[in-house]
Peer 1: 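Attaching a single structure in structure tokens format; questions to follow.
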Amino acid sequence: MFIKKVRKSNKGSGKIYEYLHLVESIRTEKGPRQRLVLNLGDLDVPVDQFKELANCIEAMLTGQNQLFSPDREIEKHARNAVMRIRAQKSEEQDALQSGPDQQPDPDYRTVDVASMQAGEVRSLGPEYVCHSLWNELQFNEILMSNGVSKHVLPLLEALVVGRLISPGSERHTWNWSHDLSAVYELSGPPLRESLSSLYRAGDVLFDLKEQLEVHLARRERDLFSLPERLCLLDLTNAFFEGSANGNPKAKRGRSKEKRSDCKLLTLALVVDENGFAKHSRLYPGNQSEPQTLEDILEDMIRLHPGLSRERTVVVDAGIATEANLALLKDKKFHYIVVHRGKADFSAADLENMTVIREKQQYRIEVVRKERDGQAMLLCRSSARKGKDFGIRNRQEQLFVERLRYFHEGLSLPRRTKLYDKVVEKVGRLREKYPRASKLYDVEVTPEEKPGKKVKASAIVWRKKEQYDQVAQFDGCYVLCTDLCNLSDKDIWETYVMLTRVENAFRSMKSALGLRPNFHQNEDRADAHMFISVLAYHILHAIEYRLGQCGDHRSWSTLREVLSTHQRLTIEYNVKEQDRIVRRHVRLCSTPEPEHKEIYRNLGLKDEPLPRKTHTVK
């Protein structure tokens, strides 16, 4: 083998391009000829190292370790070339096989055991599961029907599947798919496997956002026979790494990850009662929760007319304003929401509560009132009672300690004594500890003989009359619904389904790389978030189907279990017709019993890829 430089010109621009070709000399009926082994592209390799690179490639193919180049760059180029050559050989082998299930006849040879080597280990188990669900959800069909080339489909699948298996940025996904994963052996090789192509693939997915979400909602409904009676809505946010000055949506707001030092991007998500995502929408990081409901409802009515007809919307207190309740009624949606405040319930109502659920960890009690066609349900959770008491008690201790500190400082040197400054400090303290502030009256007394600068003489605080009553409502919240025909237990059980949205967000943030967002412009940041939403569709389909079989493990656990099922290449020298040749066999590791159980519960075969063999003479 040797390398030669080939020059080609563009007829339109006249620009000349140079490529490196790996060729070999062969004998033909017409005499010696050169055969192209591989187009190496425009590698930056000096002419005096062409021979070294060709020798290194040939040594790797034939297993002659002593001929490897000491130059790391040359060895890197050689390894990439060898991987591409072996991929071509595998494709040629596939073309020769008459069928995918055909098993080769036994072939007994004399093998040099000392020459055996194993390498090119690639993750296969998680990719196999995700690829199967990708096909079952018919991603390729909807993408191709919207004009996406079949050569781009492997990149789109690698983006989404990579977010499930090795969450990270698009650059991280490119390294994972190129060096660590067998995803392209399942989906087929892309036309161009470059980082720029992967970024453009993300743009393609986001451009088809509405079509993909409508298709997936329908496909999941048909595949899993979903009733779709409820729409559960909630919001979360993800923070940016960097300034994100080129993104108008990147705003500073209340970060749920306590990253107030970073700009945020908000994601609104609608799921059904079984946790399947129906619709998503992106907002600026400082988006107010109540303002999102109208946008979401309009999208639902436009994109999912069947889902938006006579359905029940469940939202938390942050979205459940009076205006939003009026909007739900106007759009003909039923609703179950958390009412802001305690409505008309008093401490006397707490004596008439009935238990609707009791377990070792917690107890749920309720009392009900109906008015104006609405049912108001006061709920008290024993587990939440301890939490509310702990938060309130801690705030109360800190609030009183700081008031005592301010009061004592009025008689000490170099401490704040001016009346206006003390009043300002008390106001800031009330803002910092709102739960405790509602329970205390605080009065700052000025001096009797004020001068030019009025000083404070005392700070007095006392508990309000309703202090004991507020403590009685620890662990309580009020649910409001127009479904008066439902029982107390049904109303409460429907509301707690809102945790399905929280579980979806938790999966995206922990297992799907939703945060942080590394992109600095709007389109790429939006695409990054949407890829995590698409990955959640596959994740939840896997967990839901396994849950029906009694396997309730999370995707993170399943991913770790399946990671030990891998694909590798074994190389060895074999004696063939009085000569020694190098043979390369690509095969999968034998699946463990736990692997087989997961595959069978998902309706998959035990063997993801067929065995492939080729020989280098």
Side-chain angles (χ1 to χ4, degrees), residues 236-237 239-243 250-264 285-290 316-318 338 340-342 345-347 350 380-478 515-516:
T236 192
N237 50 42
F239 60 89
F240 285 92
E241 289 288 357
S243 58
K251 302 291 184 182
R252 297 191 185 278
R254 179 180 173 273
S255 172
K256 297 187 177 181
E257 293 88 29
K258 310 301 181 184
R259 289 301 303 268
S260 56
D261 59 319
C262 302
K263 292 183 179 180
L264 308 174
N286 59 353
Q287 178 73 21
S288 173
E289 289 190 348
D316 220 330
V338 179
R340 297 185 173 189
K342 296 297 183 287
F345 291 99
S346 63
L350 298 174
R380 181 167 62 187
S381 166
S382 59
R384 182 167 174 170
K385 181 178 180 180
K387 176 183 175 181
D388 286 351
F389 172 78
I391 294 174
R392 180 177 54 79
N393 188 53
R394 178 59 177 163
Q395 284 201 12
E396 188 177 346
Q397 289 178 0
L398 294 173
F399 184 73
V400 172
E401 284 177 6
R402 295 304 296 175
L403 287 176
R404 186 177 293 111
Y405 176 81
F406 295 155
H407 175 72
E408 292 173 352
L410 298 178
S411 59
L412 297 175
R414 294 187 295 275
R415 296 278 289 274
T416 304
K417 300 177 181 63
L418 293 178
Y419 177 79
D420 292 340
K421 292 293 184 180
V422 174
V423 171
E424 183 180 349
K425 281 181 171 290
V426 172
R428 289 179 179 175
L429 193 64
R430 283 186 175 276
E431 184 180 8
K432 187 175 181 180
Y433 303 112
R435 293 199 180 193
S437 176
K438 295 177 183 178
L439 302 177
Y440 284 86
D441 287 321
V442 181
E443 181 181 356
V444 181
T445 307
E447 288 182 333
E448 295 182 359
K449 297 179 180 181
K452 291 183 179 180
K453 294 183 178 181
V454 181
K455 295 183 179 181
S457 62
I459 301 175
V460 180
W461 59 92
R462 64 183 65 86
K463 294 179 180 179
K464 293 183 178 180
E465 294 182 358
Q466 63 267 32
Y467 180 90
D468 294 333
Q469 182 178 350
V470 170
Q472 289 178 344
F473 278 93
D474 282 345
C476 292
Y477 53 94
V478 177
R515 60 180 183 183

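Predicted model only: the values in this text are computed from it and were never measured. We count residues from 1, following the sequence as given.
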Peer 1: With sequence neighbours excluded, tell me which residues meet side-chain hydrogen bond (donor to acceptor under 3.5 Å, both in side chains) with Arg254.
Peer 2: none

Peer 1: Nearest 0.5 angstrom please: Arg428 CZ to Lys425 NZ, how far?
Peer 2: 7.5 Å

Peer 1: How long is the span from the CZ atom in Arg515 to the OG atom in Ser255, to the nearest 0.5 Å?
Peer 2: 8.0 Å

Peer 1: Run Tyr419 and Glu447 through side chain to side chain contact (heavy atoms under 4.5 Å, CB included) and show every step you take.
Peer 2: CA-CA 9 Å; Tyr419 177 79; Glu447 288 182 333; over 6 Å; no

Peer 1: Starting at NZ of Lys432, measure out to OG of Ser437 and round the result to the nearest 0.5 Å.
Peer 2: 13.5 Å

Peer 1: Counting neighbours of NZ on Lys464 that are heavy atoms of other residues, nucleotides or ligands and sit closer than 6.0 Å, is the number greater than 12?
Peer 2: yes

Peer 1: Give, for atom CZ of Arg402 and atom CD1 of Ile459, the distance between the pair rounded to the nearest 0.5 Å.
Peer 2: 10.5 Å

Peer 1: Search all heavy atoms of Phe473 against all heavy atoms of Leu350 and return the closest pair with its distance.
Peer 2: CE2-CD2, 4.2 Å

Peer 1: In Å, rounded to the nearest 0.5 Å, how long is the span from NE2 of His407 to OG of Ser457?
Peer 2: 9.0 Å

Peer 1: Strictly distance-based, threshold 3.5 Å: is any side-chain N or O of Lys263 a donor or acceptor partner for the main-chain N or O of Ser243?
Peer 2: yes

Peer 1: What is the minimum heavy-atom distance between Val422 and Ala456, and which atoms define it?
Peer 2: CG2-CB, 4.2 Å

Peer 1: Could you state the interatomic distance from CG (Leu264) to NZ (Lys251), rounded to the nearest 0.5 Å?
Peer 2: 11.5 Å

Peer 1: Going by heavy atoms in the side chains, are Tyr405 and Arg415 under 4.5 Å from each other?
Peer 2: yes

Peer 1: Considering the options Val423, Val426, Leu429, Val460, which one meets the side chain to side chain contact (heavy atoms under 4.5 Å, CB included) requirement together with Val442?
Peer 2: Val426

Peer 1: For Lys385, is the NZ atom crowded, meaning more than 12 foreign heavy atoms sit under 6.0 Å from it?
Peer 2: no

Peer 1: Does Asp441 use its side chain to pair, donor to acceptor, with the backbone of Arg462 at less than 3.5 Å?
Peer 2: no

Peer 1: Passes side chain to side chain contact (heavy atoms under 4.5 Å, CB included), Thr416 versus Phe406? Steps please.
Peer 2: CA-CA 8 Å; Thr416 304; Phe406 295 155; over 6 Å; no

Peer 1: Minimum heavy-atom separation for Arg340 to Gly318, with atom names?
Peer 2: NH2-O, 3.0 Å

Peer 1: Sequence neighbours left out, cut at 3.5 Å: what donor-acceptor pairs do the side chains of residues 391-398 make with other protein atoms?
Peer 2:
{"unit_1": "Arg392", "atom_1": "NE", "unit_2": "Asp474", "atom_2": "OD1", "d": "3.4"}
{"unit_1": "Arg392", "atom_1": "NH2", "unit_2": "Asp474", "atom_2": "OD2", "d": "2.7"}
{"unit_1": "Gln395", "atom_1": "OE1", "unit_2": "Arg435", "atom_2": "N", "d": "3.1"}
{"unit_1": "Glu396", "atom_1": "OE1", "unit_2": "Tyr467", "atom_2": "OH", "d": "3.0"}
{"unit_1": "Glu396", "atom_1": "OE2", "unit_2": "Tyr440", "atom_2": "OH", "d": "2.6"}
{"unit_1": "Glu396", "atom_1": "OE2", "unit_2": "Tyr467", "atom_2": "OH", "d": "2.8"}

Peer 1: Any side-chain heavy atom of Asp261 within less than 4.5 Å of one from Arg259?
Peer 2: yes

Peer 1: For Tyr433, give me all partners under side-chain hydrogen bond (donor to acceptor under 3.5 Å, both in side chains), at least two apart in sequence or on another chain.
Peer 2: none

